[in-house]
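Taking it in order: structure first as structure tokens, then the write-up.
In what follows, chains are A, B, ... by sequence order, proteins preceding strands, each numbered from 1. Heavy atoms only: backbone and side chains are in, while hydrogens, waters and symmetry mates are out. Keep in mind it's a predicted model, so treat the numbers as computed, not measured.
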Amino acid sequence: MTSGVDLGRPQTQSVGSDEDVVRVRQLVRTAAVAVRLSLVDQTKVVTAASELARNTLVYGGGGTVEVTAIDNGRRPGIRIVFADSGPGIADLDLALTDGYTTGGGLGLGLSGARRLVDEFDIQTAPGQGTRITITKWSR
Amino acid sequence: MERVPILKIGDILLVSIQVDMSDQTAVALQEDLAERIVATGCHGVIIDITALDIVDSFVGRMLSTIASISRVLDAETVVVGMRPAVAITLVELGLSLNGIRTALNVERGMELIAIERADDDHDEPDDDPVPEPTASP
Ligand SMILES: Nc1ncnc2c1ncn2[C@@H]1O[C@H](COP(=O)(O)OP(=O)(O)OP(=O)(O)O)[C@@H](O)[C@H]1O
Ligand SMILES: [Mg+2]
């Protein structure tokens, strides 16, 4: 499960167009700088967020992204939730396989995003939408 | 939608990406470049990504596609200015920028294209006298 307390108000961005995906990247970038992630970790978490926000748009039919600065008592971090009420993912193991795509992409978004963050939690079921929570801690 | 400008410098098209591109902008750039390569007859394309703080799978795929398209149109593409953090992240994401040539900066990119073109000219069979095909009886 996820850990750590919230610091401050979460920032929300709705995702309904590819311009919104750009806005998600900007929001995450600002938050990552604020919690003092290293440059490489900022780059990783913004890239992961870009992949997941695009999936929310393309496969989830749009949704919301919520960004929160957190702290687990030892170090600060950033938590991002991507939520949609789209078709959900029937075979999660398959979807998390490198190269698996139903949309003619590279099939690297989900599996790659998971590698780029410290914590990755996904809740999905057919017809139930998809909710992905990622966390990146400052080192 | 924002459009990324394409500059012509001699025999080279230079694209310096200065904005966080939406997916639509990235696709438009791909199409604009293909048109400009044909319209100008340029043999080199340099894409400067110094200002990009991330390259995700969409932009990565766009770069590979531009490289493939320009190859078909007889132009070389070189991507220059990739930040170290971007390179590290791309590898972890699992994106191998297949078929993409990279160089440190625009100057090195231009050198690389010049060398490539010189090699190509060397290999070019057009310069050799081709024997007339003998008419079959
Ligand atoms: N939010 C979502 N809702 C429903 N299905 C999803 C969602 N996110 C991902 N998927 C499914 O998981 C598959 C794998 O996603 P992933 O992001 O890894 O690859 P992709 O988007 O197809 O390609 P890429 O991201 O490399 O361009 C998708 O093709 C899609 O079928
Ligand atoms: Mg994807």
Side-chain angles (χ1 to χ4, degrees), chain A residues 13 15-33 37-59 62 82 96-101 103-118 120 134 136, chain B residues 1-5 15-32 47-69 79-100 102 104:
Chain A
Q13 172 67 54
V15 179
S17 72
D18 65 348
E19 294 294 338
D20 290 337
V21 176
V22 176
R23 292 188 187 101
V24 167
R25 288 199 288 264
Q26 281 159 0
L27 188 61
V28 172
R29 188 178 292 125
T30 307
V33 171
L37 292 192
S38 71
L39 185 58
V40 171
D41 285 343
Q42 287 171 30
T43 308
K44 287 181 180 181
V45 76
V46 175
T47 304
S50 184
E51 295 296 338
L52 298 175
R54 182 177 297 108
N55 283 351
T56 299
L57 177 68
V58 174
Y59 303 110
F82 305 81
L96 280 165
T97 307
D98 271 0
Y100 175 79
T101 177
L106 296 171
L108 289 175
L110 271 185
S111 50
R114 181 158 73 162
R115 280 192 290 271
L116 292 172
V117 298
D118 296 321
F120 184 97
I134 61 173
K136 190 86 181 164
Chain B
M1 183 195 59
E2 244 176 313
R3 275 191 128 82
V4 178
V15 181
S16 178
I17 304 174
Q18 295 293 333
V19 292
D20 188 338
M21 291 184 293
S22 71
D23 291 0
Q24 273 187 54
T25 299
V27 170
L29 173 59
Q30 212 167 281
E31 290 164 5
D32 291 350
I47 303 177
D48 183 1
I49 61 167
T50 310
L52 288 192
D53 57 11
I54 72 147
V55 170
D56 64 10
S57 67
F58 197 89
V59 170
R61 192 170 48 168
M62 176 207 74
L63 294 175
S64 293
T65 306
I66 287 176
S68 308
I69 293 173
V79 173
V80 306
M82 186 183 294
R83 298 183 185 187
V86 170
I88 291 168
T89 302
L90 273 179
V91 169
E92 205 163 317
L93 186 65
L95 205 69
S96 55
L97 294 181
N98 269 332
I100 297 186
T102 56
L104 205 56

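Interatomic distance, CD1 of A:I134 versus NZ of A:K44, reported as 13.0 Å (0.5 Å rounding). The distance from the CG atom of A:L52 to the CZ atom of A:F82 is 4.5 Å, given to the nearest 0.5 Å. Here the straight-line distance linking atom CD1 of B:I88 with atom CG of B:L93 works out to 13.5 Å at 0.5 Å rounding. Annotation: the span from A:R29 atom CZ to B:D53 atom CG amounts to 4.0 Å, rounded to 0.5 Å. Note that the CG atom of A:L116 and the NZ atom of A:K136 stand 7.0 Å from one another [nearest 0.5 Å]. Interatomic distance, CG of B:L63 versus CD1 of B:I17, reported as 6.5 Å (0.5 Å rounding).
No part of B:V19 comes within reach of chain A, as not one of its non-hydrogen atoms sits under 4.5 angstrom from that chain. Of the two parts of A:R25, only the side chain, counted from C-beta on, holds a non-hydrogen atom closer than 4.5 Å to a non-hydrogen atom of chain B. For A:V40, the parts lying near chain B are the backbone and the side chain together; criterion is any non-hydrogen pair under 4.5 Å. Residue contact with chain B, scored on non-hydrogen atoms closer than 4.5 Å, is absent for A:R114. For a residue to count as touching a neighbouring chain, one of its non-hydrogen atoms must lie under 4.5 Å from one of that chain's; by this rule B:L95 touches chain A with backbone and side chain alike. In this structure, the portion of A:A113 lying under 4.5 Å from any heavy atom of chain B is its backbone and not its side chain.
Heavy-atom pairs under 4.5 Å with chain B peak, among A:R54, A:E19, A:R115, at A:R54. Top candidate by heavy-atom pairs under 4.5 Å with chain A, chosen from B:S57, B:P84, B:G60, B:G94, is B:S57. Considering only heavy-atom pairs separated by less than 4.5 Å from chain B, the leading option among A:S38, A:G112, A:G109 is A:G112. Put simply, of B:R83, B:Q24, B:E2, the one with the most heavy-atom pairs under 4.5 Å next to chain A is B:Q24.
Heavy atoms only, all atoms of each residue included: A:A48 and A:V117 are closest at CB-CG1, 3.9 Å.
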